Amino acid sequence: MATSLQMSPQVEQILGEIRDNFRFLANGFQRLDKIKDSNRQSKQLEELKDKMVECKRLIKEFDREIKDEEGKNPPEVNKQLNDEKQSMVSAENLSILDAHVLEGVQYLQLQSIMNVAIFFFSHLCK
């Protein structure tokens with residue numbers, strides 16, 4: 001959408017970095033599903049969270065830049081840039097939701113393991 005727009009080199013650079021981070025997040029969440037070791041999963045999840053923080057910072061920077069350029073652009077360009085920003089915010093929110101769900105799953109897996117261990121050890125003690 002915004003790729004066909006006339007943007008300043010700074011806005012283009014920020015947009016490129018944001019897209020790179022989103023690709024990293026998409027690939028990272030796919031890899032996370034394949035990781036069986038909980039320590040490696042936690043490490044991968046932390047890396048993804050760091051990328052989400054970076055994405056949020058870049059989206060704010062993108063927003064500041066497009067607001068600074070607002071007077072120089074025609075209204076339709078400003079609308080398209082703002083729409084692009086909104087779609088990035090939505091994608092970021094989905095990534096955050098994915099991370100929270102995965103943390104919840106890890107917590108539930110740990111709880112299940114603990115419950116089985118408690119059950120097992122309680123029966124051993126009888």
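The shown structure was predicted, so the numbers you read here are calculated from the model rather than taken from an experiment.
Rounded to the nearest 0.5 angstrom, Q13 CD and E17 CD are separated by 5.0 Å. Interatomic distance, CD1 of I14 versus CZ of R64, reported as 8.0 Å (0.5 Å rounding). Separation of atoms CG (D20) and NZ (K51) is listed at 8.0 Å; rounding is to 0.5 Å. Rounding to the nearest 0.5 angstrom, the gap separating the CD atom in Q41 from the CD1 atom in I35 is 6.5 Å.
Residues passing the side chain to side chain donor-acceptor pair (under 3.5 Å) test with E69, sequence neighbours excluded: S8.
Using a distance-only test at 3.5 Å, with no hydrogens or angles considered, a donor-acceptor pair links the side chain of N78 to the main chain of E70. No donor-acceptor pair under 3.5 Å is formed between the side chain of D63 and the backbone N or O of I59. With E65 contributing its side chain and V11 its backbone, the two residues share no donor-acceptor pair below 3.5 Å.
Scanning all heavy atoms of the two residues, the minimum distance from M88 to F22 falls at O-CZ, 3.4 Å. For N82 against I66, the heavy-atom pair with the smallest separation is OD1-CD1, 3.5 Å. The heavy-atom pair separating L15 from E84 by the smallest distance is CD1-OE2, 3.8 Å. Counting all heavy atoms, side chain and backbone alike, F62 lies closest to I18 at CB-CD1, 4.0 Å.
In R40, the CZ atom is not crowded: 12 or fewer heavy atoms of neighbouring residues, nucleotides or ligands sit closer than 6.0 Å.
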(request) Go through E46 and K49 one step at a time and tell me if the salt bridge (charged side-chain N to carboxylate O under 4.0 Å, His left out) criterion holds. (result) CA-CA 5 Å; E46 283 303 315; K49 286 181 188 177; 3.6 Å; yes
(request) Quick one: do Q80 and E76 satisfy side chain to side chain donor-acceptor pair (under 3.5 Å)? Show the steps, please. (result) CA-CA 6 Å; Q80 287 179 318; E76 63 274 2; over 6 Å; no
(request) Output, in order, the C-alpha distance, side-chain angles, deciding distance and verdict of salt bridge (charged side-chain N to carboxylate O under 4.0 Å, His left out) for K56 and E61. (result) CA-CA 9 Å; K56 185 173 186 168; E61 190 176 332; over 6 Å; no
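By the 4.0 Å N-to-carboxylate-O rule, E54 lies close enough to R57 to be salt-bridged with it.
Counting heavy atoms from C-beta outward, Q44 and L48 have side chains that approach closer than 4.5 Å.
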